[in-house]
Structures are given as C-alpha cells and as structure tokens.
Amino acid sequence: KKYQDRLTYLHMKDLSFTERNTFVYEELGDGTLDIPAIVQAGMEAGVKYYVVEQDSNWYLTNSAVSNAYDYMGSIKASFDYLRQFFGKDIKDIVPQKPQRSNPQIQESQLSVQLYSVRDRLSKVSGDYNGIKAVLKEISGIGYKNVEMYNFLGLTGVQWKKLLQETGLNVSSIHQNVLTSESQIKTL
C-alpha cells in the first residue's frame, strides 16, 4: 500500500509452509496467502495487470517429478480461481473492508508469466509452430496477456506475429537490464 502509486502490475503467487520450515509454491487459492485481500489491495491501487506465475518448487528441481508436474494445469487452476473476482466490487470480495471506490478486476487484466510453462516452451525453443501451439493453449485457458521471459530462439518480429495469431498481448517482460545495443534492438 505504501508504494501503490508505483504499481502497474502485480505478480501473483501462493505458497504453503512445510514441516521442515520451507515453503512450496501452490496454485492461487490453495496456499496460505490471503489472495482476496491481495486482489483487493491491487484493485485499490489501480493495478493494470495481475500476472500469474507458477514458480518451481525446491523438490521438483532436477528430478523426474519435475517432468511429470503439470504447469499448464497449474496456470489453468490459478486462472479458474481468479475468475471468481471478474467484474466484482471490492466489497463483494472482502466485505468487511471499507470501500473507497468501485473498481473491478476484468478478465483482460489477467496475464501469465511464460516462465510458468517453461517445461513446455523449452521443448519447442526455436520452433515457431511448437511455440504457437503452447500459446494457443494458454489463450484457450482464457488468458489475454503474457509476461515474456525469453525469446526462445525467435525474433521480435516472429513473436509479434505469434501473439497476433494467438490473440495474446504482452503485459510485461521479465528481463534483466539490457546492457547492449543488440539486446535493445532484439527487444
């Protein structure tokens, strides 16, 4: 709330704690974070995009389990959870909180970080039609926007065409600071 005038998009993750005092990432609504209160704070701050990110869990890293984890299913579950907030007033989400204004979250405000489906994208890196198939699946879930994290061997021009063909927009880019002219031109 302190920096709400600087917020234009909000990364959305959920998590649970284990008995070993570590945490695991969960689909939105399945963890311990108060997602309705976070959505409410975002609405009050005038957030433009809510970016779903299903991060990897420590126990999935470099294991056979990681290959079996359904990241696409995970981002769908998070989308379905957030669907309950579409077109709702703040008072309908968290009724005990005083309402300052009447903002609503719209489906068009949801975005997904492509890193969330890196397992699928890494298998088709450099393959235009393979990447297109993954983007169509994301669009089929209902997402209208993506947060890019990697060009996956394609040019900016190819990505523009891919996004147009799949009906997706770029809400943001998760990128290190660009340090060279060639990186800036590629972007």
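Of all non-hydrogen atoms in L15 and F17, the two that sit nearest each other are CD1-CE1, 3.6 Å. Heavy atoms only, all atoms of each residue included: D70 and G73 are closest at OD1-N, 2.8 Å. Residues D14 and G31 come closest through the heavy atom pair OD2-N, 3.0 Å. Nearest heavy-atom pair across L28 and K13 is CD2-C, 3.6 Å. For Y49 against S108, the heavy-atom pair with the smallest separation is CE2-O, 3.9 Å.
Taken to the nearest 0.5 Å, the OH atom of Y143 stands 5.5 Å off from the OG atom of S78. Distance check, rounded to the nearest 0.5 Å: CD1 of I75 to CE of M72 gives 5.0 Å. In this structure, the separation between CD1 on I35 and CG on L82 is 7.5 Å, given to the nearest 0.5 Å. Here the straight-line distance linking atom CD of Q113 with atom OG of S111 works out to 8.5 Å at 0.5 Å rounding. From I131, atom CD1 reaches atom OG1 of T166 across 11.0 Å, with rounding to the nearest 0.5 Å. Atom CG of L10 and atom CD1 of I38 lie 7.5 Å apart (nearest 0.5 Å).
Partners of S16 by side-chain contact (heavy atoms from CB on, under 4.5 Å), not counting sequence neighbours, listed by chain and number: V24, E26, T32. Every side-chain contact (heavy atoms from CB on, under 4.5 Å) that S125 has, sequence neighbours left out, goes to L152. When the salt bridge (Lys or Arg N to Asp or Glu O under 4.0 Å) test is applied to D80, the partners found at least two apart in sequence or on another chain are K76, R83. By the side-chain contact (heavy atoms from CB on, under 4.5 Å) test, K161 pairs with Y128, E165, sequence neighbours left out. Partners of N169 by side-chain contact (heavy atoms from CB on, under 4.5 Å), not counting sequence neighbours, listed by chain and number: N145.
Residues in residues 133-151 take part in these salt bridge (charged side-chain N to carboxylate O under 4.0 Å, His left out) pairs, two or more places apart or across chains: R120-E137.
In the hydrophobic cluster analysis, where Ile, Leu, Val, Met, Phe, Trp and Tyr join through side-chain heavy atoms closer than 4.5 angstrom, V124 is grouped together with I141. Hydrophobic clustering (ILVMFWY, side-chain heavy atoms < 4.5 Å, transitive): I173 and L110 are in one cluster.
The shortest distance between side-chain heavy atoms of L114 and L135 falls below 4.5 Å. Considering only heavy atoms from C-beta on, M12 comes within 4.5 Å of V39 through its side chain. The shortest distance between side-chain heavy atoms of V112 and V51 does not fall below 4.5 Å. Residues E27 and D30 have side chains in contact (heavy-atom distance under 4.5 Å, counting atoms from C-beta outward).
Looking only at atom types and distance, the side chain of S74 has a donor-acceptor partner in the side chain of Q54 under 3.5 Å away.
No close placement of the Y50 and Y9 rings is indicated, their centers lying 6.0 Å or farther apart.
By the 30° and 60° cut-offs, the orientation of the rings of F23 relative to Y25 is perpendicular.
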